[in-house]
2 protein chains.
Amino acid sequence: MSRDGMVPKGERPVRADARRNRARILEAAEAVFAEHGASAATDAVAARAGVAIGTVFRHFPTKPDLLKAVVMNLLDRLIDEADTMVREQGDGAALFEFCALVMSVGATHRTVFERLAETGVQVRVGDALERLRPSVDVLLDRARDGGVVREDLRTDELIPLLAALCQEAIAADWDERFRRRALDLLFDGLRS
Amino acid sequence: MSRDGMVPKGERPVRADARRNRARILEAAEAVFAEHGASAATDAVAARAGVAIGTVFRHFPTKPDLLKAVVMNLLDRLIDEADTMVREQGDGAALFEFCALVMSVGATHRTVFERLAETGVQVRVGDALERLRPSVDVLLDRARDGGVVREDLRTDELIPLLAALCQEAIAADWDERFRRRALDLLFDGLRS
DNA sequence: ATTCGAAATCGAGTCCTACTCATCTTAGTT
DNA sequence: AACTAAGATGAGTAGGACTCGATTTCGAAT
């Protein structure tokens, strides 16, 4: 994830302190929002980052921008984890575990996602999940080859379904047990 | 929807002006939020309703309460419609069709929600669906007796799952074909 | 090393809006 | 007609998002 570290060619490089502060703010924001909810004041984030309020707004002009940046940060890490999972765990069960992981991450940071929706920023979980498509593709292929998933299931069917569960899990605050149960039902079906 | 018109027995009846104002505020709020988005100031709602700001807060203590009342009003109308349709048919293996119907009705009135949802109102289909619990109970029992549904499936598992699909179907604008496909997958499971 | 301009930081202050509450008004009862 | 409590009023309060001119810091060029 070196996007922020990249130096724009032809232009002046981003100053070292600016890059450092940006990272600090993101880190602080994630911690503060996770602890006090996404309605926590921006001052708190600034304080925790050891930075003035104006600096936060220089890097993230609006609060939704800050929230969005935190989420994207989260997703980047999630992609890494998914890739690791793909590399280390070869069997078909990896797909199920991956879905559980996605729901779990969403649940941990549910307030951030909620606030995003409230402020009208359209980052649907489904849209966000699209970034995971390559990983899901690999996992799904492998699961299908392993014969643990129906032949006709496609990635662009699985992703919306997973997104639907995630969205509702976040909105309705499903606990770990029910998230697990929902995935069991989805994979095994409702019929006898 | 005569909930608000009911007079609590044993207690003083709600004053006529209070009931009138409540209705006016709801109507005004629906119009104002639809036009200016959910971030419209509460003053605007009060002004349109021809009422002081304090009166709005007497009836709806917080802004989310007001937003929720508006949306639930909308959802109640839709859900009642679906409920009635199912009761009129009332055949044996209607659970699947019922789910399809709920999704379909939601999709039909999608644009009504979208304006509000876009601007940040959290439309909790799940909350509204809770009112359908009695109907779902009956349908689920019937389906279980008919052996078309797994024995261990409970109503309070089915409702959140259905709500999840509905919510995402509305938000992501699933077409009829994919709504059907999603229900097929949910009922039959992802595994081979 | 020193200079210097641009970039970044700072934070008190502004604006906006959700919400409160002491006071006044009115519906409904006797 | 008098009474009373529910209800209405709206100026005031609180708190948070965002601004902006003053100030500091970086880093490139001499």
Side-chain angles (χ1 to χ4, degrees), chain A residues 4-29 32-33 35-70 111-112 114-116 118-121, chain B residues 4-29 32-33 36-70 119-122:
Chain A
D4 304 328
M6 283 196 290
V7 173
K9 38 186 165 184
E11 299 167 23
R12 273 275 188 83
V14 177
R15 264 167 53 170
D17 55 345
R19 209 158 48 229
R20 192 185 337 119
N21 280 335
R22 192 193 152 86
R24 273 189 188 169
I25 291 168
L26 266 181
E27 188 181 357
V32 168
F33 290 147
E35 184 175 0
H36 297 93
S39 60
T42 311
D43 312 24
V45 174
R48 174 148 188 157
V51 140
I53 182 79
T55 302
V56 175
F57 280 97
R58 155 164 270 262
H59 286 281
F60 309 97
T62 72
K63 190 169 182 185
D65 286 339
L66 177 58
L67 257 359
K68 188 170 182 173
V70 170
T111 55
V112 176
E114 261 184 356
R115 184 61 174 181
L116 266 180
E118 282 168 17
T119 50
V121 174
Chain B
D4 304 329
M6 285 195 290
V7 174
K9 37 184 163 185
E11 300 167 21
R12 273 273 187 82
V14 177
R15 265 168 51 171
D17 55 345
R19 209 159 48 231
R20 192 186 336 120
N21 280 337
R22 192 194 153 86
R24 274 190 189 168
I25 290 167
L26 263 182
E27 188 182 356
V32 168
F33 291 145
H36 301 294
S39 62
T42 313
D43 311 24
V45 174
R48 175 152 189 153
V51 141
I53 182 75
T55 303
V56 175
F57 281 97
R58 156 166 272 264
H59 287 281
F60 308 96
T62 70
K63 187 169 183 185
D65 286 339
L66 176 57
L67 252 10
K68 188 170 184 177
V70 169
T119 48
V121 184
Q122 64 290 33

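In what follows, chains are A, B, ... by sequence order, proteins preceding strands, each numbered from 1. This structure is a prediction, so every number in the text was calculated from the model and none was measured.
- Heavy-atom contacts of chain A under 4.0 Å fall on DNA chain C between two terminal nucleotides, which in 5' to 3' order are dA6(C) to dA12(C).
- The separation between D65(A) atom CG and dA17(D) atom C1' is 13 Å, rounded to whole Å.
- Atom CZ in R19(A) sits about 19 Å away from atom P in dT25(D), given to the nearest Å.
- Contact between V14(B) and R19(B) at its shortest, heavy atoms only, is O-NH1, 3.3 Å.
- Listed by chain and number, the residues in a side-chain hydrogen bond (donor to acceptor under 3.5 Å, both in side chains) with R20(B) amount to none (sequence neighbours excluded).
- With DNA chain C read from its 5' end, the first of the two nearest nucleotides for K63(B) and R15(B) is the one closest to K63(B).
- In this entry the distance linking CZ of R20(B) with P of dA6(D) reads 18 Å, nearest Å.
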Show me the side-chain donor-acceptor pairs of residues 50-61 of chain B shorter than 3.5 Å, one per line, residues at least two apart or across chains.
none

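- When all heavy atoms of K63(A) and T42(A) are compared, the pair lying nearest together is CD-OG1, 4.1 Å.
- Taking both residues in full, the closest heavy atoms of A28(A) and R48(A) are given as CB-CG, 3.6 Å, listed atom of the first, atom of the second, then distance.
- Contact annotation: N21(B) side-chain N/O to dA8(D) OP1/OP2 distance is under 4.0 Å.
- Every residue two or more places apart in sequence or in another chain that forms a side-chain hydrogen bond (donor to acceptor under 3.5 Å, both in side chains) with D17(B) is listed here: R15(B).
- Here the C1' atom of nucleotide dT23(D) and the CG atom of D17(A) are 14 Å apart, to the nearest Å.
- In terms of heavy atoms, S39(B) sits closest to H36(B) at OG-O, 4.4 Å.
- Between F60(B) atom CZ and dA8(D) atom C1' the separation is 15 Å, expressed in whole Å.
- For D65(B), the side-chain hydrogen bond (donor to acceptor under 3.5 Å, both in side chains) test picks out T62(B), with sequence neighbours left out.
- Scanning residues 40-59 of chain A for heavy-atom distances under 4.0 Å to DNA chain C yields V51(A), A52(A), I53(A), G54(A), T55(A), R58(A), H59(A).
- Nearest-nucleotide positions on DNA chain D place A18(B) closer to the 5' end than the other of A18(B) and A16(A).
- Between the CG atom of L67(A) and the C1' atom of dA17(D) there is a distance of 13 Å, given to the nearest Å.
- Nearest heavy-atom pair across L66(B) and V45(B) is CD2-CG1, 4.4 Å.
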